[in-house]
Amino acid sequence: MQPDLLNHAHIAQLSRLFRRHSPLVHCMTNDVVQTFTANVLLAAGASPAMVIDAEEAPQFAALADALLINVGTLTRPRAAAMRAAVASANAAGTPWALDPVAVGALTLRSDFCRELVALKPAAIRGNASEILALAGMSAGGRGVDTTDSAAAALPAARALAQQLATVVAVTGEVDYITDGQRTLAAAGGSPLMTKVVGTGCSLSALVAGACALPGDRLLNVAATCGLVKYAGGAAAAGSRGPGSFVAAFLDTLYQEVKA
């Protein structure tokens, strides 16, 4: 079955939801992208918080509207804090999203993420190689870079979503978002998005926020992917390179959500 393609009306509706509800997103994310992720959330109308201490993280996860677990710079102490935060989020009914950065390439994070998916994330956002590896299938990949296409990982994404009763977004030149039964596609973006650290990680933070919004979770997550694709394409059109792209990307997100 061919995925349905998102249109700008879906993105506009998602933007209104972010503006109206301004979800507080607890980001347990990697050290490289914290500032950029916080700025993306603010530009999109959400509210970021980076609480990573093992004692504070579970307390805050119960207070936030959504939780992001990103394993980009995973350590054993950080894994313990993340595990506690997920348990607290589940107890409080707080939706949480998983970004399985470089799963399949390294043992600690691979084992940890396979442990976490059993705790039923509301959404998973990863590149093709990460989703294939998380589903237990053969995958390529060089660390955070995928060597597989998003379309090739779509069957794995569908199987994973159905198995876990969750939403899986596999991102690439075209993003595919599925709940195992329905699949949506978000096109657009720009190659410049791969020249800036944090575009994928910040998308995962927005996906976590989208899980806290009312309405159809699959559509909300898919429209979030579409929003980032749209902002990336529009920003690249007026940019001279990665530096000017970052500013234009944040401005485009901000203008889209405030419209």
Side-chain angles (χ1 to χ4, degrees), residues 3 6 14 18 23 25-30 32-33 36-37 40-41 44 46 48 66-72 74 82 86 89 95-104 109 112-114 116-117 119-135 139 141 144-146 148-151 153-154 156-161 163-180 183-189 193-194 197-213 217-229 231-232:
L6 283 168
L14 184 279
F18 263 113
V25 184
H26 178 189
C27 299
M28 300 186 76
T29 191
N30 71 74
V32 183
V33 303
F36 185 69
T37 297
V40 166
L41 285 168
L67 169 68
L68 167 67
I69 300 294
N70 175 306
V71 299
L74 188 67
M82 290 175 169
V86 168
W96 63 280
L98 174 65
D99 187 336
V101 180
V103 160
R109 70 190 56 227
F112 180 60
C113 285
R114 291 185 184 114
L116 286 187
V117 295
L119 301 176
K120 300 296 181 70
I124 300 169
R125 199 294 309 173
N127 66 35
S129 296
E130 291 160 352
I131 296 302
L132 283 164
L134 199 60
V144 299
D145 297 324
T146 185
D148 300 287
S149 72
L154 181 52
R158 284 176 170 149
L160 196 60
Q163 174 191 345
L164 300 173
T166 191
V167 173
V168 177
V170 52
T171 53
E173 289 188 13
V174 176
D175 296 350
Y176 297 100
I177 306 92
T178 182
D179 62 5
T183 302
L184 298 169
M193 298 175 76
T194 66
V197 172
T199 51
C201 296
S202 59
L203 169 58
S204 295
L206 288 171
V207 163
C211 289
L213 298 176
R217 179 168 290 169
L218 174 69
L219 183 56
N220 286 345
V221 172
T224 300
C225 293
L227 172 64
V228 170
K229 286 283 194 190

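Scope of the values below: all heavy atoms of this structure, side chains included, with no hydrogens, waters or symmetry mates.
With sequence neighbours excluded, the residues forming a side-chain hydrogen bond (donor to acceptor under 3.5 Å, both in side chains) with Asp179 are Arg182, listed by chain and number. Listed by chain and residue number, nothing satisfies the side-chain hydrogen bond (donor to acceptor under 3.5 Å, both in side chains) test with Thr224 (two or more places apart in sequence, or in another chain). Ala212 meets the side-chain contact (heavy atoms from CB on, under 4.5 Å) test with Pro23, Asp65, Ala66, Pro95; sequence neighbours excluded. Every residue two or more places apart in sequence or in another chain that forms a side-chain contact (heavy atoms from CB on, under 4.5 Å) with Ala185 is listed here: Pro3, Leu5, Val174, Tyr176. Residues passing the side-chain contact (heavy atoms from CB on, under 4.5 Å) test with Ala44 are Leu206, Val257, sequence neighbours excluded. Not counting sequence neighbours, Thr166 has no partner by the side-chain hydrogen bond (donor to acceptor under 3.5 Å, both in side chains) test.
Put simply, the side chain of Arg217 gets close to the backbone of Cys211: a donor and an acceptor are under 3.5 Å apart.
In terms of heavy atoms, Cys225 sits closest to Leu203 at CA-CD1, 4.0 Å. Here the closest non-hydrogen pair linking Arg125 and Ser204 is NE-OG, 2.9 Å. Heavy atoms only, all atoms of each residue included: Leu68 and Ala208 are closest at CB-CB, 4.2 Å. For the residue pair Val33 and Cys201, the shortest heavy atom distance occurs at CG2-CB, 3.7 Å. Of all heavy-atom pairs spanning Leu74 and Met82, the tightest one is CD1-SD, 3.9 Å. Of all non-hydrogen atoms in Leu160 and Ala135, the two that sit nearest each other are CD1-CA, 4.2 Å.
Asp99 has its side chain out of reach of Val207: every pair of non-hydrogen atoms, C-beta onward, lies at least 4.5 Å apart. Taking 4.5 Å as the limit, every side-chain heavy atom of Pro121 sits out of range of all side-chain heavy atoms of Leu116. Using a 4.5 Å heavy-atom threshold, the side chains of Leu164 and Ile124 count as touching. Residues Ile69 and Trp96 have side chains in contact (heavy-atom distance under 4.5 Å, counting atoms from C-beta outward).
For the atom pair Glu173 CD and Lys229 NZ, the distance stands at 7.5 Å (nearest 0.5 Å). Separating the CZ atom in Phe112 from the CG atom in Leu98 is a distance of 8.5 Å, to the nearest 0.5 Å. Here CG of Leu219 is found 7.5 Å from CG of Leu14. Values are rounded to the nearest 0.5 Å. Rounded to the nearest 0.5 angstrom, Leu41 CG and Phe18 CZ are separated by 7.5 Å.
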Legend entry - Derivation and outcome, side-chain contact (heavy atoms from CB on, under 4.5 Å), residues Thr199 and Thr194: CA-CA 7 Å; Thr199 51; Thr194 66; over 6 Å; no
Inset, instruction - Applying side-chain contact (heavy atoms from CB on, under 4.5 Å), run through Asn30 and Thr37 and close with a yes or a no. - result: CA-CA 10 Å; Asn30 71 74; Thr37 297; over 6 Å; no
